[in-house]
There are 2 protein chains.
Amino acid sequence: MPTRAPHVPSKLAEAAFELFAEQGFARVSLDAIASNAGVTKGSVYHHYSSKREVVLASCRFYYRKWQQTTQRQIAPLTDPMDRLIAVLRFSVKTCLIDERNRMFTAEIMALSLLDKDVQCGWAQFYDSARETYVGLVDAIKFETQMGPVDTRRAVDLMLAAMEGIKQRASFEPEISAPEAQERCIEDLLGILGFSHVASAHNPCSLIS
Amino acid sequence: MPTRAPHVPSKLAEAAFELFAEQGFARVSLDAIASNAGVTKGSVYHHYSSKREVVLASCRFYYRKWQQTTQRQIAPLTDPMDRLIAVLRFSVKTCLIDERNRMFTAEIMALSLLDKDVQCGWAQFYDSARETYVGLVDAIKFETQMGPVDTRRAVDLMLAAMEGIKQRASFEPEISAPEAQERCIEDLLGILGFSHVASAHNPCSLIS
DNA sequence: TTTATACAATACTCTCCAGTATGCCAAAAG
DNA sequence: CTTTTGGCATACTGGAGAGTATTGTATAAA
């Protein structure tokens, strides 16, 4: 059983992700992916049976990378609120700055309406992300006795807003400015029921 | 100047929208669009110079339709809060139920990262939608002296959450249930600073 | 009636790309 | 050392679809 090159499949998945995140699924050929991974199409079909399988592999690569990076943000921190804010800050920054990330998720959203496996993969990913946030918020609630009544519902709404903010960043680049990033974090904390830790200026606060 | 058929271009735009909203831009051929409009590809190229132009026309068709339908929701109502809730209810319902709407907007999002004209068109559409909501919220503020401090910011956040909810509906169909729709409306009203008009159970309310 | 023109259909080209068939080579098994 | 086998490259096929060239036809103007 000869094994020369180290893990061609994962190299292909990464190369595919990079290209997909720049041009979308339809515009990238398997030749381009193979070339970007330093191989040819022949070996792509040794590891994956179709382009669709390559797409699914690139999704799994993206999900794994996201989870790893997120865990790395949390790891060094112990205070629950610090941990939540660190993850939020990192997520918002990614949403607003990283155009490749926006492209890739937008493509997944479009494709998931036609492909049940893509849809299922994203659903699992979303689920794990939600549980991460629920854990962070519940930790704060336990410590401070403050927070949203229904944690899961608040997290869902916050994540929805974050996805929407990501979309807006695509066509209103001005919201990628650093101040705008902090405002986003305030807004998201507000949705989670932590408007007190953010600035006093908050769209949720009433006039009178 | 012979003018036989009534408005072939707009018929093409609508036919294109219908197919794009089912299969996405890339999977629909001009032959299919022409056939769906009752003509052939030859006349498509009489009215549009390329497939890209057809895509842009289908976007304009979608934007116009949305604005017309939204105005029709507001027209018969006079009370500001009723008007806001009517638009919200209609928008949420569309987001959660209408899979074609989700598909089309998802495709626009993906394409707008590669095509500046598509991006610009969506930006204008978003802008007009935002101004509609700002007008509705400001009317309520004027009448009741209650509402968000920064209307525009609150509306932006609310619209972001709505886009995110639309996305979630794609892979979590259970949130399309009628009760879930009402919860969504509550949540969005909460973001706009009108949590008092919604139910007392609200993820924004604090425990203590 | 004739001519010009806008509009539409048919038939074609040309390119791109997913998928396949085959051959080569290196390492492990015997 | 030979044979087998897994990993990868080269070369090819077939189909789909964007765009074009040509022809036909109905209407408006002259």
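If you're wondering where the values come from, they're calculated on a predicted model, not measured in any experiment. Labels below follow one simple rule: chain letters A, B, ... track the order of the sequence lines, proteins then strands, and each chain is numbered from 1.
From B/T151, atom OG1 reaches atom CE of B/M158 across 11.5 Å, with rounding to the nearest 0.5 Å.
For A/S50, the side-chain atoms get nearest to C/dG19 when compared with the rest of C/dG19, C/dA9, C/dC17. Residue B/Y45 places its side chain closer to D/dG19 than to any other of D/dG19, D/dT10, C/dA18. Each of C/dA8, D/dG19, C/dA18 was ranked by its minimum atom distance to the side chain of B/H47; first place goes to C/dA8. When distances are taken from the side chain of B/T40 to each of D/dA9, D/dG19, C/dT10, the shortest belongs to C/dT10. When each of D/dC8, C/dA9, D/dA18 is scored by its nearest atom to the side-chain atoms of A/V8, the top-ranked nucleotide is D/dC8.
Within the nucleic acid shown, A/V28 comes within 4.0 Å of sugar-phosphate atoms alone, with no base atom in reach, counting heavy atoms only.
Atom-to-atom, CZ of B/R52 to P of D/dG19 comes out at 11 Å; the value is rounded to the nearest Å. In this entry the distance linking OH of A/Y48 with C1' of D/dG7 reads 14 Å, nearest Å. B/L30 places its CG atom 15 Å from the C1' atom of C/dA8, with the value rounded to the nearest Å. In this structure, A/R27 atom CZ and D/dA16 atom P are separated by 21 Å, rounded to whole Å. In this structure, the NZ atom of A/K51 is 15 Å from the P atom of C/dT20, given to the nearest Å. With rounding to whole Å, A/H7 atom NE2 is found 11 Å from D/dG7 atom P. One interatomic measurement links the two molecules: CD of A/E53 to P of C/dG19, which rounds to 10 Å at whole-angstrom precision. Atom CZ of A/F25 and atom P of C/dC17 are 17 Å apart (whole Å).
Side-chain contact between B/R168 and A/Y126 is present, with at least one heavy-atom pair separated by less than 4.5 Å. The shortest distance between side-chain heavy atoms of B/E14 and B/K11 does not fall below 4.5 Å.
At D/dG7, none of the side-chain N or O atoms of A/S43 fall inside 4.0 Å of OP1 or OP2 (strictly under the cut-off).
Here the side chain of B/R152 pairs no donor or acceptor atom with the backbone of B/E131 at under 3.5 angstrom.
Residue side chain A/K41 reaches the base of C/dG19 through a donor-acceptor N/O pair under 3.5 Å, judged by distance alone. Checked by distance alone, A/H46 brings a side-chain donor or acceptor within 3.5 Å of a matching partner on the base of D/dC8.
For A/Y48, the ring-ring contact (aromatic ring centres under 6.0 Å, His included) criterion is met by no residue, not counting sequence neighbours.
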